> 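Have a look at this one before I ask anything.
Model, not experiment: these values are computed from the prediction.
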Amino acid sequence: MDRLWPRGLGKEEACIDHWAKEIAPSTELSQWFGPDSDKWPEFRRRYEWEWRANGTEMDACC
């Protein structure tokens, strides 16, 4: 999931009811993680911390 809407894809074409960009990882976290799967455990920890720091609840978003 990304916070930016994909270029070239209209919202009508996407066929989604709700785009919850607020639950996506921050740009900084996504850039840090990149394509390095070895960072996955640390990415998960940091992503959960972001959620809690922002008061985001998965149940409330989805």
> Pairs under 3.5 angstrom only: tabulate donor-acceptor contacts from the side chains of residues 35-45 to other protein residues two or more places apart or in another chain.
{"unit_1": "D36", "atom_1": "OD1", "unit_2": "D38", "atom_2": "N", "d": "3.0"}
{"unit_1": "K39", "atom_1": "NZ", "unit_2": "W32", "atom_2": "O", "d": "2.8"}
{"unit_1": "E42", "atom_1": "OE1", "unit_2": "R45", "atom_2": "NE", "d": "3.1"}
{"unit_1": "E42", "atom_1": "OE2", "unit_2": "R45", "atom_2": "NE", "d": "3.4"}
{"unit_1": "E42", "atom_1": "OE2", "unit_2": "R45", "atom_2": "NH2", "d": "2.6"}
{"unit_1": "E42", "atom_1": "OE2", "unit_2": "R46", "atom_2": "NE", "d": "2.9"}

> Between the side chain of Q31 and the main-chain N/O of E28, is any donor-acceptor distance below 3.5 Å?
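No.
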> Is it the case that the side chain of E50 and the backbone of P25 share a donor-acceptor pair, with hydrogens and angles ignored and the cut-off at 3.5 Å?
no
> To the nearest 0.5 Å, how far apart are OH in Y47 and CG in L29?
8.5 Å
